[in-house]
Student: 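First the structure, then my questions, so here it is.
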Amino acid sequence: MENKCALCEGELKKKSVDYKVYGKSIGKFKALVCSSCGEQWFDESVSRKIEDAEKKAGIFGLSRESKIGYSGNSLIIRIPKELAKFMKLRKETEIIIYPEDENKLCVAIK
Ligand SMILES: [Zn+2]
């Protein structure tokens, strides 16, 4: 990971990148950016700073493991409180659910 991209062996350049999580910018961080595939590489201290910024923004660890439940004839998915808060979901919020592929389900707010 010195000056070649571990994914495509492209040339890495030092850049300050605007780091986005779930579409929200949480600040600029130093990275090595591949000039060929665009992959961004962060060193450990920067990764820790990013984690801190995510925690500050209340968006750290929003992805969770969950299980499909059962209610009447429907299958239900419980949405963790933090995730609901981030997406401003409430009871009666209208949503559209659709498969992105066979392994991914999307929930979009109407
Ligand atoms: Zn690359």
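Counting starts at 1 for both ligands and their atoms, in listed order. This chain uses plain numbering: 1 for the first residue, then up along the sequence.
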Student: How would you list, by chain and number, every residue that makes a salt bridge (charged side-chain N to carboxylate O under 4.0 Å, His left out) with Glu39, sequence neighbours excluded?
Tutor: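 Not a single residue meets the salt bridge (charged side-chain N to carboxylate O under 4.0 Å, His left out) criterion with Glu39.
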Student: Distances under 2.8 Å only: what protein N/O/S atoms are near the Zn ion (ligand 1), ordered by chain and residue?
Tutor: Cys5 SG, Cys8 SG, Cys34 SG, Cys37 SG
Student: How far does CD of Gln40 sit from CG of Leu32, to the nearest 0.5 angstrom?
Tutor: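 With rounding to 0.5 Å, CD (Gln40) is 10.5 Å from CG (Leu32).
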Student: Which atom pairs, one a donor and one an acceptor, fall under 3.5 Å between side chains of residues 7-30 and the rest of the protein, sequence neighbours left out?
Tutor:
| unit_1 | atom_1 | unit_2 | atom_2 | d |
| --- | --- | --- | --- | --- |
| Asp18 | OD1 | Ser25 | OG | 2.6 |

Student: With sequence neighbours left out, write down each residue that passes salt bridge (charged side-chain N to carboxylate O under 4.0 Å, His left out) with Glu44, or none if nothing qualifies.
Tutor: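 Testing Glu44 for salt bridge (charged side-chain N to carboxylate O under 4.0 Å, His left out), a comparison that skips the adjacent residues, returns Arg48.
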Student: Out of curiosity, does Tyr98 fall in the hydrophobic cluster containing Met87 (side-chain heavy atoms, cut-off under 4.5 Å, transitive links)?
Tutor: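 No, because Met87 and Tyr98 fall into different hydrophobic clusters, even though each may have its own neighbours under 4.5 Å.
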Student: Do other residues, nucleotides or ligands put more than 12 heavy atoms under 6.0 Å from Ile96 CD1?
Tutor: yes
